[in-house]
Amino acid sequence: MTDILHFLRQRRRLAVLALLLSTVLLMAASMGRGLDWADGQPWADVILPCVMLLGVAGQLLALLALMGKPRC
C-alpha cells in the first residue's frame, strides 16, 4: 500500500489519471445500478457494488497521493 502511494506521489500526472479513471468507473457502475442494466441477474448484483467500491478506493488512494508532498 505504501509503495503504491509513494509511486503515485512521484508521478503526479499518473495520480490525476487514476483519479479520473476511478471516477469514471464509479459513475459507470452507479449508472448500471440506477438504470437496472442487470435485468435481475444475480451476478450483476454482486459485481456492480464491487466495481463501485473499487472506484471509491481508487479515488481515495489518488487523493491521498495528490495531497502529500512528493518524496525523493
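Every heavy atom of this structure was used, including side-chain atoms; hydrogens, water molecules and symmetry mates were not.
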Cluster check Met67, Leu17: I/L/V/M/F/W/Y, side chain < 4.5 angstrom: yes

Path from Leu48 to Met27 over hydrophobic side-chain contacts below 4.5 Å: no

Hphob cluster co-occupancy, Ile4 + Leu64, side-chain heavy atoms under 4.5 angstrom: yes

Nearest heavy atoms of Met52 and Ala29, plus distance in Å: CG-CB, 3.3 Å

Which donor-acceptor pairs under 3.5 Å do the side chains of residues 18-26 make with protein atoms, sequence neighbours left out?
| unit_1 | atom_1 | unit_2 | atom_2 | d |
| --- | --- | --- | --- | --- |
| Ser22 | OG | Ala18 | O | 2.8 |
| Thr23 | OG1 | Leu19 | O | 2.8 |
| Thr23 | OG1 | Gln59 | NE2 | 2.8 |

Results of side-chain contact (heavy atoms from CB on, under 4.5 Å) for Ala65 - residues two or more places apart only: Leu5, Leu8, Arg9, Ala15

Hydrophobic cluster identity match, Trp43 and Leu53, side-chain contacts under 4.5 Å: no

